[in-house]
Protein chains: 2
Amino acid sequence: MRELGSSQPTAVELEILRILWELGPSPVRDIHVRLAEAKGTNYSTTVKMLSVMLTKGLVKRDDQSTPLVYRAAMTRERTAKKFLSELIEKVYDGSAMSLVLQALASGKASQAEIAEARKLLDEMEGKS
Amino acid sequence: MRELGSSQPTAVELEILRILWELGPSPVRDIHVRLAEAKGTNYSTTVKMLSVMLTKGLVKRDDQSTPLVYRAAMTRERTAKKFLSELIEKVYDGSAMSLVLQALASGKASQAEIAEARKLLDEMEGKS
DNA sequence: TTGCGTTAGCGAAAGGTTTCGCTATACTGC
DNA sequence: GCAGTATAGCGAAACCTTTCGCTAACGCAA
């Protein structure tokens with residue numbers, strides 16, 4: 001038995017989630033159009049994946065409306081945070097900052113972003 | 001055919017890589033002891049996983065020495081960076097800083113780490 | 001040299017993910 | 001109402017990952 005809510009989305013699941021984050025709550029057809037664009041897969045596949053994801057609790061759906069409307073169960077932010085936690089746990093054995101340093105060192109930050117990060121650091125220092 | 005070097009390590013593979021990062025180049029026996037500690041798996045399993053990882057290019061081995069010595073093909077840092085790139089690509093569609101902010105906001109940083117990050121920000125600001 | 005523990009490898013089972021074919025049902029325009 | 005199209009679901013195939021049993025080869029001590 002899979003522990004409830006413990007599993008990270010797989011590759012295709014993530015692709016579907018991202019579509020839902022972009023489009024907002026959508027019927028299968030719309031999701032499928034986007035997914036097929038990227039992968040050329042079948043309508044049945046999209047339906048099935050959504051049903052699997054529903055079982056796993058990754059998406060929710062409105063059974064009232066027809067056609068059925070699906071939406072992501074988690075926000076993009078929360079999902080990213082979970083991924084990060086796992087990455088930190090698995091690769092860095094728990095030190096979040098090592099990872100942050102990596103990301104910063106990748107050097108894609110603009111002045112504005114650096115300023116934003118600094119502001120956040122100030123807030124964190126205040127709290128801890 | 002899997003594209004060369006394109007695949008992220010899977011769960012167990014990552015666990016083995018982490019052991020190799022900690023221990024440095026090691027014979028199967030040492031890797032196995034650590035892995036079994038965490039997961040209770042069989043010696044054969046460790047051998048097989050290493051052979052699979054060798055095929056995928058995730059580890060290298062010294063065929064001279066006996067018993068055979070394995071080492072990670074990539075550094076921890078480079079692996080983390082690849083994970084991050086993928087996360088950024090798949091979840092955030094390319095904006096690295098969004099992710100960094102998430103990491104910071106996860107709030108696991110100590111005072112010392114915050115100081116370190118700030119120092120890095122200073123350096124980056126100087127350069128850009 | 002014989003026997004024993006260790007190392008190495010392989011094939012296939014077990015388990016998870018992704019794909020699709022087939023079927024049923026609902027909706028739409030005639 | 002009927003035919004044609006879109007929606008929904010299910011089981012199983014195809015594929016990948018993880019696990020292990022079995023076997024072979026090696027090294028070492030009695």
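Chain identifiers are assigned alphabetically (A, B, ...) following the order of the sequence lines, protein sequences preceding nucleic acid strands; residue numbering begins at 1 within each chain.
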Query - Sugar-phosphate only, base, or nothing, as touched by A:T41 at under 4.0 Å among non-hydrogen atoms - result: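 If one applies the 4.0 Å heavy-atom cut-off, A:T41 turns out to touch the sugar-phosphate alone, with no base involved.
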Query raised in the report: So what does A:V47 hit on the nucleic acid, given a heavy-atom distance under 4.0 Å: a base, only sugar-phosphate, or nothing?
Result: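 Base: the residue A:V47, judged by heavy atoms under 4.0 Å, touches a nucleobase.
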Between [atom2] on [N] and [atom1] on [X], what's the gap in Å once rounded to a whole number?
X	N	atom1	atom2	value
B:L50	D:dT17	CG	P	16 Å
B:K39	D:dC20	NZ	C1'	13 Å
B:M53	D:dT17	CE	P	12 Å
A:Y43	C:dC22	OH	C1'	15 Å
B:K56	D:dT17	NZ	C1'	7 Å

Requested in this report: Hey, which sits more toward the 5' end of DNA chain D by its nearest nucleotide, A:K48 or A:S65?
Outcome: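 Looking at the nearest nucleotide for each, A:S65 comes out on the 5' side.
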Query raised in the report: Tell me, which of residues 24-35 of chain A have any heavy atom that sits under 4.0 Å from an atom in DNA chain D?
Result: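 Those residues whose heavy atoms fall under 4.0 Å from DNA chain D, taken from residues 24-35 of chain A in numerical order, are A:V28, A:R29.
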Requested in this report: Working to the nearest 0.5 Å, report the span between CZ of A:R18 and OG1 of A:T79.
Outcome: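 The distance works out to 13.0 Å.
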Query raised in the report: Does B:E13 pair with B:K56 as a salt bridge, N-O distance under 4.0 Å?
Result: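 Looking at B:K56 together with B:E13, the answer is yes, because their closest N to O distance falls below 4.0 Å.
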Query raised in the report: When you measure from the side chain of B:Q8 to the backbone N and O of B:K82, does any donor-acceptor pair fall under 3.5 Å?
Result: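 Judged by distance alone, yes, a pair lies under 3.5 Å.
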Query raised in the report: With the sugar-phosphate defined as primed atoms, P, OP1 and OP2, and the base as all remaining atoms, what B/S/- string results for nucleotides 22-28 of chain D, 5' to 3', for protein heavy atoms under 4.0 Å?
Result: B------
